[in-house]
Amino acid sequence: MNIYLDAIVVLLTFVGLLFFHGTTVGILRFPDFYTRMHAAGKGDTLSTMLILFGFAAYQLHHPSTATLLVAGKIIFIAVLVFIASPTATHAIMDAGYESEIGAWSAKDGFVSSCLIRKEKGE
Amino acid sequence: MEQIPFLEATPLLAVMASLVAVPLIALSGNRPNLREFWTFLAGGVKLFLVLSMASWILAGHTHTYELWQILPGISLTFVVDGFGMLFALVASSLWILTSIYSIGYMRALDEHAQTRYFCFFAVSLSATLGVAFSGNLLTLYLFYEMLSLSTYPLVTHHQDEEARSGGRKYLTYLLSTSIGLALPAMLITYSITGTLDFNSMGVFGEGVSKGVLVALLLMFVFGFSKAGMMPFHSWLPGAMVAPTPVSALLHAVAVVKVGVFSIGRILTGIFGIDLMASQDLNTIVCIIASFTVLVSSLIALSQDNLKRRLAFSTVGQLSYIILGIGLATKLGVEGGMTHIAMHAFGKITLFFCAGAIFVATGKQYISQMVGIGRRMPITMFAFFVGSLSVIGLPPAGGLISKLMMVRGALEADMAWVLAVYLVSSFLNAAYFLPIVYKAYFCTEEEALFENKVQEAPLCCWLPPAITATISVVLFFYPSIFLGFAQVMMIGR
Amino acid sequence: MDTYFILLGTALILHMFLTLIRVIKGPTVIDRLIGVNIIGTKSTLLIIIIGTALHRVDMFIDIALTYALLNFIVSLAAARFFQRKRTAGLVMEKEVKS
Amino acid sequence: MIQSQLPILIIVMPLLMALVIFLLGHKNEGLCFYLHVLGMAGLFAAALGILDQVVTSGTAIHYYLGGWPAPYGIELVIDHLNSMVIAMVAAVTLLVAFYSRQTVPAEVPMRTEHEKVPLRVRNYYVLYNLLVAGLLGLTATGDAFNLYVLLEIATLSTYGLLALGRGRAYYATFKYLIMGTIGASFYLLGVGYLFIMTGSLNMADLFTLLDTAFMQQSMSITIAFAMILVGVWVKMAFFPFHGWLPNAYTVASTTSSCLIAPLMTKVSVYVMIRLMFSVFSAQYVFEILGWQKIVVPMAAAAILFGSISALGQKNLKRMLTYIVVAEVGYMVGGAWLGNVNGYTGAVYHILADGMMTLCVFMAIGAVSYKTGDASLESMRGIFRKMPVTSVVFLVGAFAMIGIPPTCGFFSKWYLVTGAYEAGQWLFLGALLASSLINAIIFFRIIETGYFPDFNKAHGHGHHTDKTVVAEAPLSMLVPMVITASSLVLIGLFSKDIINNLIRHSVPPGLF
Amino acid sequence: MADFIQALLGHYNNWAFILLLMIGFYAMIAKNNLIKKVIGMSIFQTAIILFYVSMAVKKNSTIPILDHGHGAVEHAIDVAAYASPLPHVLMLTAIVVGVATLGVALAIIQKIHRTYDTIEEDEIMEIIAQ
Amino acid sequence: MKVIAALFSIVLGVVLLVAANDLPIWGDPESPVSVHLSSYFIEHSVEQTSVPNFVTAVLADYRGYDTMFETAVIFCAGITVMTILRRSHRLRKKNVPPRPVREGQDIIICSAARLIVPMMQLFALYVLAHGHHSPGGGFQGGVIFGASFILLALAYDLKTVLSRLKEKTMMLVSGLGVLVYAGIGVLCLFLGGNFLDYSRLASILQVTEIEARSHGILGVEVGVALTVTCIMLSLYADLASGGEMDEGL
Amino acid sequence: MFGFVTFLLMFVLWIVMSGQFDLFHLSLGVISCAIVARMSGDLLFQDRQTDFRTRFGQAWRFAHFTLWLLWQIITANLYILQLALTTRKMVEVLDPHIFSFKSHLKTPFAQFVLANAITLTPGTVTIRIVDGVFTVHAITGQAAGDLEQLDNIQDINEMERRVAAVFEPEILQNTGGDK
Ligand code: NA
Ligand code: NA
């Protein structure tokens, strides 16, 4: 039982870590703000949630009211991250868009903020 | 213990008498007669209180009244002894005369802010008596500073540019020396001895090095710069911008004499005559004083402004007194103390006269006074008597004290001091007598005055007449003041 | 298992340091904000890992939750602030091009 | 019951009053002043009560907060030293409370129809009360860390009070804030080193724990002491940490400067003395460290620097602030002379300087209230226009110069004596020089106030232009006159103050 | 000297706080931008907080909250098992004080910005000097 | 200037390094900090206050006096900032740089906030109520509660929040919080104990003295939380809107 | 009613968080939940028209949706991982661009869910919603394709359809229903 549980825990957390790795490399490698946001938005949310789920599972080692409640709380945090993280991503994205940060395009390299403004229809 | 014939608190009351009058004077500002009544009442009360103690003191007693312990071992204490009494008597009696004179002077010239003037006059008198009756150095210092500050509005009474610069000089000198020299000297004395009470044996016991003593001596002598010892004298001529009654009282009596009195007190009460003599401190004092005497007399010769000439004369005469006390012999000290009174009556006469001339003619310069004696005979006669007293010629009181100091010099085996006295007396004569001569004995053409010039108002010529008379009286009855001085030196 | 968690924590910290490079490099303020936000989220995890390692996770869970909430609010506030300012991107653009 | 609770009452009363004013003043802003005066009067009574209690019993009062015994809980210790400071603070705050009646509404605008929620007068009084609570609390406390907290509340409310001034107030306050934080942080750091070495925060406990050879040789303890010193020096604007003070106090509003200038530096000096002798010991400070060789000359430098800088100022308030800097040098130097006279002078000067700073600041405040500015020119002819104010200023000036029988003379007396005994000639010279410079400074003002404008009225004799007397309102005059008289009274009763209070607080180890 | 270096190495925990302290102190004094000064101030305070909190550390101890799992209420409490609570308490206070100061500082900077239209110290000084 | 500052910093660092020389070894269980007072608190706080969280016991009881002033510090900062930033109507007209207005509401953030805020507030109250048993208490709870309002203000705008929690109420409650704290202290005083001696509350609460201390702690924590909540929001409102109280960030 | 439901939800949350089931702490919980319900009861349920039966249905469908979404998120992360760790140049793998589309969803909550779903799913991130118009950033043309392909207002994309199925099934009927 414990071995399986541990395996689940390790699996969840390790996959989480892997996605986090992707996120990290992504925000370092991707060429512009917008693409980095992709890495940050998706990777951060899932990796955090997975690791949290892993710890919630770990609580089931000694099942009792107390540990179950702790697991519940960890799940609660995961839910929170699920709501909050994309929202934060959106907020940051919107701020960058509003600030007219230059975008990268495969054809032209960096597109200046003027073009962003044009796209915004201003 | 004999019962004292006056109230325990009489010294305090005497000090306070004029202070109490201040609010009364201030409140009756718009009724000049009432205001002056208060001044006279306070003056009378003050003089009465001082006199009430005179016989007791003359009998060889001293009276101590401790008011308030202010620091550990130091109280606000009043001690009435011969020296203090002598000074108090001079100050309080001359106040009344000056008040009469002030009324004449101020009203004749329609001066502004008369109420303020009389208020601060009264405060100054309190401070002066406070100094006279101080039982210790701290009390003395307190009243000394009070006097400096309360005379400032008097000195700068005119409130013009000249008054401002004169007043500035006045306070700068007085405050800087008292804070910068006298105060630390006092503190060091206190640190060494643990007391500041005056004691005829001195407070320094054995074992205080001569270097410290000399340093303290110099700090004290220059610290109380009201005495005008050179090089801290130049405030005095500058302060002559004051109205004449102020110059008269304050610069013939109150302020400068307070300086001299303080130094005298310190020499006799803090150092002690014996210590002075044994440590040769007296020589130092004598050298400083002699220098001042001679130099100031020479400067006086060159002054054309009458009040300035009087001022430099005062500087010299003050040093006479210091010189006398500095001799540290019985006769020298007695003479010095007595000279406070003698010079006071003589010099105040001269100032009164200068003021009277100003009131009557508006003239301030000696060169403009040729022939004035014919127009203002009483005034100029009083002037003549006053100058006799200051020079030290009979029949005026100044001679008596000067003679005593001369004898003191001999007693102290300091013959060179004799020469100083003689030379300076000669110089005195040289700067006073020509004024008198030109006032009376010029030819008709030389006289600068027209016939319509008359004597100043009664209030202006009467006081000099009285003080001149007293100067003469003092020649015949010097013991009025000499007695107090002798009381101080009983047993020597 | 404790060892694994410590290794996990170390790996997380390592990645957080990598993310820090983005925070330092920028080039725009908002780029930095991405990194900060991620580091904040991962700190929540780190708190839980520490709690687990100390066997007091019941105590650390509240701290983690608080941290997650505050991190969200801080990111949001920063984003809102720069959105309002509108200049955050422009200032840095020259650097980007050069 | 109330007797035994006095130590906490003096702290909680202003705190509660701050809240009461905050809550009740919301509807009726006019009420604030009355509540405030009421609170301050009660506070003053309590302070006197506690002073009486200390003098009568002759021992320190210990008050255990929460009922917890000394090193575990926080205790208040009120002894001869701080009962005097408490009384001084209470007196100053009461006087300024009266004084503030007209100045606060004038300088801190009341709520108007259009304003959303300024209520600045109410907030002003709230901050005022918090400042008082902080000051009294840090004076009364016997706990080194509690002192930090209360120091911070006092400073924080000071920022608020100062920032309500005009013109450059914000920038000056900002600099003050940075310096104040540095000071507080250094203090905290110092306490941290004490704590890590001893594990304690209670002052008496620290004193005992530090009294071992190991601790006295410890470099950490030495550096803790240095940190604490630097911290309080910054707070009290001791040269060369004074930079923030002149700007901050100059631009402050009248009431704020009247309140803060006399209290903040003085209480900081008290803190220094308290820590020097109640946490460390005279023996440690003077014999083992022997830093008086550096600190006393620094104090002399502070005095000279402050005085000379003051000499060059045209703005009177600014000039006074430099004098405050110089006065800090007096007290620090006195405390560091290492003898009874120096200590006495320093402690007495806390009281004396508190009152005389208040006096001159109030007088200058009254002048600027009437004339609109505080330049030297605003004093022109002030003796006629505002006779009472002028006299008050005069008394304050005399005290600053050190003319007997004002209190300034007596503090100088002890300081000079102490300096002489300690052979600190530089300090002695600085004391005298500063008296002289003060004389020049104040005399210049007095002269300006006494003489009319020569450009307008020429010659002597008749001044036809009768200046109309335009005296400050009674709410300002009364506290001013009381303050001025207190300067003389403190001077005349100096012996009693010293014998009954200061001499009892002399730490062991001073000779 | 060797002893001294030994001692320094033995107190490696102090390095972090000293380094932060130096950074904060430098920023507070040297930075021209008022906001950066304030940030320096926060770093400075944080360094001190770190110093205090590091005191609380005990080897092999846990957070200063009684562990119910060990049934400690019945038995005597093992002092060595818990970190010292006092430094934490003190720093809670210090943090609050720091935040309060920070708030006031930011408010003042806003006002300065409104008055002088800049938060660069030298520019403010220039404006004041005029 | 920079060189001098750097020099000072280095001197400071060196001095502190030197001081570190004779400090106890890090983590030493025998160090004075671990032994002298702290061990007393660890050993006795449960039996004396029945609070298992030593930090809370020390914070709110043994050193409750500190904490009261700490609350006052927050309160003080709140009104200081408010007083500094609010301008008179006259001044407000001129001299205000126009700020770009945010158009409309951001549906995403608003919706997220609506979900999170109630949970956050409940969590805040939980943190406040469980300060005795877990890391929490008045400050922490207050901060979270205040932050929940800030979140709302970030999502919508300041006006929305201030229409839910009137500014007047907010400020009054912030004062009330300190008053609750000091009031409990004074109450103890009236019940015959020293200031903040919660054991005296036993007679009112009808519990043992030890439990009375525990309840007293909760009482003051509530006061702290009230003040912290309101001042958090107030600070945000003032700072974010420059005293205009309109939009916030 | 909404207040009471909020209270109940909060109390469940309290139970999870508290872990103390004595009367004292439970009553503290009741007080706390009451406070939250009073202060923020209006926040949790934005529109008050929908009755609770409908809401239960929505919740059920939403759970299903979440499962699908989770899978999408995982693919998204795998995609990111692949992009991040690729050895090819970014020019070859990325082709980012920004586009907009008008959503059919009416309620803010549905729009919120859609926006966050877009953000979490592969290749796209929502930048903003203004008056129902979503501005989206796509990392490659392919990723965008799914959302962007439709110019026809009558049409609806996959993601929006799923969200609509949870919250606003009536839209699907109007636009031609499930494909
Ligand atoms: Na605390
Ligand atoms: Na707590």
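Protein chains get the first letters and strands the later ones, always in sequence-line order, with residue 1 at the start of each.
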Options Gly29(G), Pro108(G), Ser18(G), ranked by heavy-atom pairs under 4.5 Å with chain F, top entry: Ser18(G)

Asp22(G) atom CG, over 12 foreign heavy atoms within 6.0 Å: yes

Mind checking the CD1-CG spacing from Ile107(F) to Leu105(G)? Nearest 0.5 Å is all I need. 10.0 Å

Chain G heavy atoms under 4.5 Å from Ala113(F): which part of the residue, side chain, backbone, both or neither? neither

Against chain G, label Ile116(F) side chain, backbone, both or neither, depending on which of its atoms sit under 4.5 Å from a heavy atom there. neither

Can you give me the closest heavy-atom contact between Trp14(G) and Tyr126(F), atom names plus distance? CZ3-CA, 3.5 Å

Looking at side-chain heavy atoms only, is the closest gap between Leu152(F) and Leu43(G) below 4.5 Å? yes

Applying a strict 4.5 Å limit to non-hydrogen atoms, the region of Leu218(F) in contact with chain G is side chain

Residue Leu28(G) versus chain F: region with a heavy atom under 4.5 Å: side chain

Note: vs chain F, highest number of non-hydrogen pairs under 4.5 angstrom among Leu44(G), Ile35(G), Asn116(G), Val130(G) is Leu44(G)

Of the backbone (N, CA, C, O) and the side chain (C-beta and beyond), which part of Phe45(G) lies under 4.5 Å from a heavy atom of chain F, both, or neither? backbone

Walk me through whether His25(G) and His130(F) qualify under side chain to side chain contact (heavy atoms under 4.5 Å, CB included). CA-CA 8 Å; His25(G) 283 93; His130(F) 290 70; 3.7 Å; yes

Measure distances from Ile31(G) to the heavy atoms of chain F and classify the residue's part below 4.5 Å as side chain, backbone, both or neither. neither

For the candidates Leu115(F), Ile109(F), Val117(F), which exhibits the highest count of non-hydrogen atom pairs separated by less than 4.5 Å from chain G? Leu115(F)

Does CZ in Arg38(G) sit with more than 12 non-hydrogen atoms of other residues, nucleotides or ligands closer than 6.0 Å? no

Step by step, would you call Leu9(G) with Met119(F) a side chain to side chain contact (heavy atoms under 4.5 Å, CB included)? CA-CA 9 Å; Leu9(G) 285 173; Met119(F) 294 193 264; over 6 Å; no

Do other residues, nucleotides or ligands put more than 12 heavy atoms under 6.0 Å from Phe56(G) CZ? no

Spatial distance of atom CD1 (Ile108(F)) from atom CD1 (Ile129(G)) [nearest 0.5 Å]: 4.0 Å

Given a strict heavy-atom distance threshold of 4.5 Å, which part of Phe123(F) is in contact with chain G: side chain, backbone, both, or neither? both

Given that the side chain runs from C-beta out, which part of Thr6(G) has a heavy atom under 4.5 Å from chain F: side chain, backbone, both or neither? neither

Counting only heavy atoms from other residues, nucleotides and ligands, does the tally under 6.0 Å from CH2 of Trp68(G) exceed 12? yes

Does a side-chain N-to-carboxylate-O contact under 4.0 Å join Asp42(G) and Arg114(F)? no

Once you round to the nearest 0.5 Å, how far does CG of Leu122(F) lie from SG of Cys33(G)? 5.0 Å

Are the side chains of Met39(G) and Phe149(F) in touch, meaning some heavy atoms are under 4.5 Å apart? yes

Between Arg164(F) and Ser40(G), what is the shortest heavy-atom contact and its length? NH2-CA, 3.5 Å

Would Glu211(F) and Phe24(G) count as a side chain to side chain contact (heavy atoms under 4.5 Å, CB included) here? Give the steps. CA-CA 12 Å; Glu211(F) 279 172 31; Phe24(G) 181 69; over 6 Å; no

